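Here is the structure we will look at.
These numbers were taken from a predicted model, which means no experiment stands behind them. Both backbone and side-chain heavy atoms feed into the values below; hydrogens, waters and symmetry mates do not. Below, chain A is the first sequence line, B the second, and so on; all start at residue 1.
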Protein chains: 2
Amino acid sequence: MIADDHQLFAEGLRDALDSQPDLRVVGVAADGGELLTRLETQPADVILVDLEMPGIGGIEALRSLAGDIPALVVSMHVSDDTLSAARAAGAVGFFSKSASLHRLAAAIRAVAAGVTLIDLDDDQLEEVLAAHDRPQLDPGAASLTEREIEILSMLARGVSSTEELAERLFISQKTVKNHLASIFQKLSVSDRTQAAVEAIRLGLARRP
Amino acid sequence: MIADDHQLFAEGLRDALDSQPDLRVVGVAADGGELLTRLETQPADVILVDLEMPGIGGIEALRSLAGDIPALVVSMHVSDDTLSAARAAGAVGFFSKSASLHRLAAAIRAVAAGVTLIDLDDDQLEEVLAAHDRPQLDPGAASLTEREIEILSMLARGVSSTEELAERLFISQKTVKNHLASIFQKLSVSDRTQAAVEAIRLGLARRP
DNA sequence: CGGGAAATGGGTCACCCGGCCCATATGGGC
DNA sequence: GCCCATATGGGCCGGGTGACCCATTTCCCG
């Protein structure tokens with residue numbers, strides 16, 4: 001669940017995180033009070049909280065939660081003051097809004113797994129984030145080759161004919177069909193359409 | 001194209017806007033300099049610019065562009081000073097990051113259509129935004145029949161074979177193929193895979 | 001009432017797709 | 001040095017797919 005008074009940021013972040021196959025945003029709140037209210041009816045595994053919010057701010061909300069749910073603070077300005085305030089309020093991690101989506105997603109996975117990030121030094125943090133880097137794909141999808149992922153992501157963007165795939169990859173049509181056959185088996189599907197749908201579901205439709 | 005030094009905001013906004021069927025984010029820049037560089041190789045219809053960025057800020061970037069591309073300023077803090085600075089630099093619209101995604105999307109559509117928002121009073125602004133409220137679906141997609149949408153949404157959920165589609169709809173395989181042919185024509189695609197990808201992009205994969 | 005759109009269904013046919021066998025080169029790991 | 005995974009490619013074949021004709025019925029709208 002996300003709590004941030006900047007709607008554009010919160011809604012954008014929701015879409016971005018939702019597009020990660022293993023993450024789901026279950027709610028967005030505009031201030032600390034709404035966050036607490038929403039959490040009463042909607043359980044969440046991790047919460048992302050902005051510190052500066054009108055009404056009940058992030059700090060107060062975190063204090064009220066008393067660490068019931070692991071919370072990541074996502075703040076505009078990074079300073080020692082805000083960081084220690086977040087730590088004192090029970091946050092398990094602290095990110096600037098200048099962080100990348102990639103790192104935040106990794107942090108969410110780490111926190112959901114029970115890791116506390118806020119006390120780590122930089123090297124340790126990098127290590128933990130790297131460990132939770134890529135989304136946990138389905139067992140089948142996990143064993144996809146790089147080339148297979150490349151073809152799959154093209155499929156998911158509408159490049160569907162054997163001919164065009166072969167031309168864009170500079171390989172023969174036969175090789176494309178071989179890769180596709182391998183993809184079908186690994187994803188347990190039986191044609192390109194199902195493979196494309198599954199690829200999009202897995203978040204493999206990213207741009208190059 | 002988006003220019004904002006807060007990666008989380010920019011990437012989140014990218015995903016959110018990309019999920020609008022009629023909008024596409026063609027690039028993200030972290031400062032004014034990168035924005036100008038990117039625009040040299042990648043044309044854009046509208047740019048979203050943050051005012052506060054390290055290095056070359058939004059104001060300077062807008063001055064360099066000299067109004068070549070309609071620009072919406074999306075700023076954290078709203079004040080008379082920033083607003084008039086944005087206006088002076090050639091921005092055609094001004095939004096707080098507390099605005100809703102809905103309104104920003106409407107504003108982008110309006111600006112892309114040539115409307116200047118920044119000089120409007122509140123009532124006029126609401127009127128313009130309302131006029132550009134819902135996404136303009138592809139001319140083809142708009143004219144899809146109910147049955148076609150039904151088939152398309154099944155496609156988008158992985159029901160790809162003519163046989164299964166016919167069985168689930170209690171109609172003959174021939175009718176399914178007829179509907180599909182009609183769908184292909186309206187969506188300007190040539191096979192089920194592209195239709196499924198397009199259906200998902202249009203948000204037609206809803207409803208379990 | 002009349003026209004048009006939508007849904008249903010038929011036939012034909014070239015061609016592509018997916019399943020099945022196979023081979024070769026190139027790596028990296030044990 | 002040997003093995004296995006990966007990427008590349010070939011041939012074959014049955015069946016599915018998409019493009020092009022077509023007809024019928026229903027129903028809504030002007």
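A donor-acceptor pair under 3.5 Å links the side-chain atoms of A:Q124 to the main chain of A:D121, judged by distance alone. Judged by distance alone, with hydrogens and angles left aside, the side-chain atoms of B:R103 form no donor-acceptor pair with the main-chain N or O of B:L129 at under 3.5 Å. In terms of modelled atom types and a separation under 3.5 Å, the side chain of A:T37 and the main chain of A:G33 share a donor-acceptor contact. Of the possible donor and acceptor atoms, none in the side chain of B:E148 sits under 3.5 Å from a partner among the backbone N and O of B:I183. Between the side chain of B:S98 and the backbone N or O of A:H6, no donor-acceptor pair lies under 3.5 Å. Side chain of A:Q194 to main chain of A:S190: a donor-acceptor pair is present (N/O by atom type, distance under 3.5 Å, no hydrogens or angles). Between the B:E34 side chain and the B:A30 main chain, a donor and an acceptor come within less than 3.5 Å of each other. Using a distance-only test at 3.5 Å, with no hydrogens or angles considered, no donor-acceptor pair links the side chain of A:S182 to the main chain of A:N178.
Atom CG in A:D191 sits about 13 Å away from atom C1' in C:dG19, given to the nearest Å. Residue A:K177 contributes atom NZ, which lies 17 Å from atom P of D:dT8 at whole-angstrom precision. Atoms CD (B:E167) and P (D:dG16) sit 12 Å apart, rounded to a whole Å. Remark: P of D:dT17 and CZ of B:F184 are 10 Å apart, rounded to the nearest angstrom. Atoms CD (B:Q194) and P (C:dC16) sit 15 Å apart, rounded to a whole Å. Atoms CD (A:Q185) and C1' (C:dC20) sit 12 Å apart, rounded to a whole Å. In this entry the distance linking CG of B:L180 with P of D:dG16 reads 15 Å, nearest Å. As a whole-Å value, the separation of B:L155 CG from D:dG18 P is 9 Å.
Of the N and O atoms on the side chains of B:T162 and B:R192, at least one donor lies less than 3.5 Å from an acceptor on the other residue. No hydrogens or angles considered: a donor-acceptor pair under 3.5 Å links the side chains of A:T193 and B:T193.
Among the protein residues, B:S182 comes within range of no part of the nucleic acid, since none of its heavy atoms lies under 4.0 Å from any strand.
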Distances for protein N/O vs nucleotides 25-27 of chain D N/O pairs under 3.5 angstrom?
none

Report all interatomic pairs (protein N or O, nucleotide N or O of nucleotides 28-30 of chain C) with separations under 3.5 Å.
none

Can you give me the N/O atom pairs linking the protein to nucleotides 4-8 of chain C at distances under 3.5 Å, or say none if there are none?
{"unit_1": "C:dA7", "atom_1": "OP1", "unit_2": "B:R147", "atom_2": "N", "d": "3.2"}
{"unit_1": "C:dA7", "atom_1": "OP2", "unit_2": "B:T145", "atom_2": "OG1", "d": "2.7"}
{"unit_1": "C:dT8", "atom_1": "OP1", "unit_2": "B:R147", "atom_2": "NE", "d": "3.2"}
{"unit_1": "C:dT8", "atom_1": "OP1", "unit_2": "B:R147", "atom_2": "NH2", "d": "2.7"}
{"unit_1": "C:dT8", "atom_1": "OP2", "unit_2": "B:R147", "atom_2": "NE", "d": "3.1"}
{"unit_1": "C:dT8", "atom_1": "OP2", "unit_2": "B:H179", "atom_2": "NE2", "d": "2.8"}

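In the set D:dG18, D:dC20, D:dT17, D:dC20 carries the atom at the smallest distance from any side-chain atom of B:K174.
Across all their heavy atoms, A:G27 and A:M1 have their closest contact at O-CG, 3.3 Å.
One finds no side-chain N or O of A:T162 lying less than 4.0 angstrom from the OP1 or OP2 phosphate oxygen of C:dC16.
Between the axis at the start and the axis at the end of the helix from C:dC1-D:dG30 to C:dC30-D:dG1 there is an angle of 50°, using five pairs per end and rounding to 10 degrees.
Applying the salt bridge (Lys or Arg N to Asp or Glu O under 4.0 Å) rule to pairs touching residues 165-180 of chain A yields A:E164-A:R168, sequence neighbours excluded. Residue pairs meeting the salt bridge (Lys or Arg N to Asp or Glu O under 4.0 Å) criterion with at least one partner in residues 80-99 of chain A, sequence neighbours excluded, are A:D4-A:K97, A:D50-A:K97, A:R87-A:D119.
In this structure, A:D122 and A:E126 have side chains that are not in contact, with every pair of non-hydrogen atoms separated by 4.5 Å or more.
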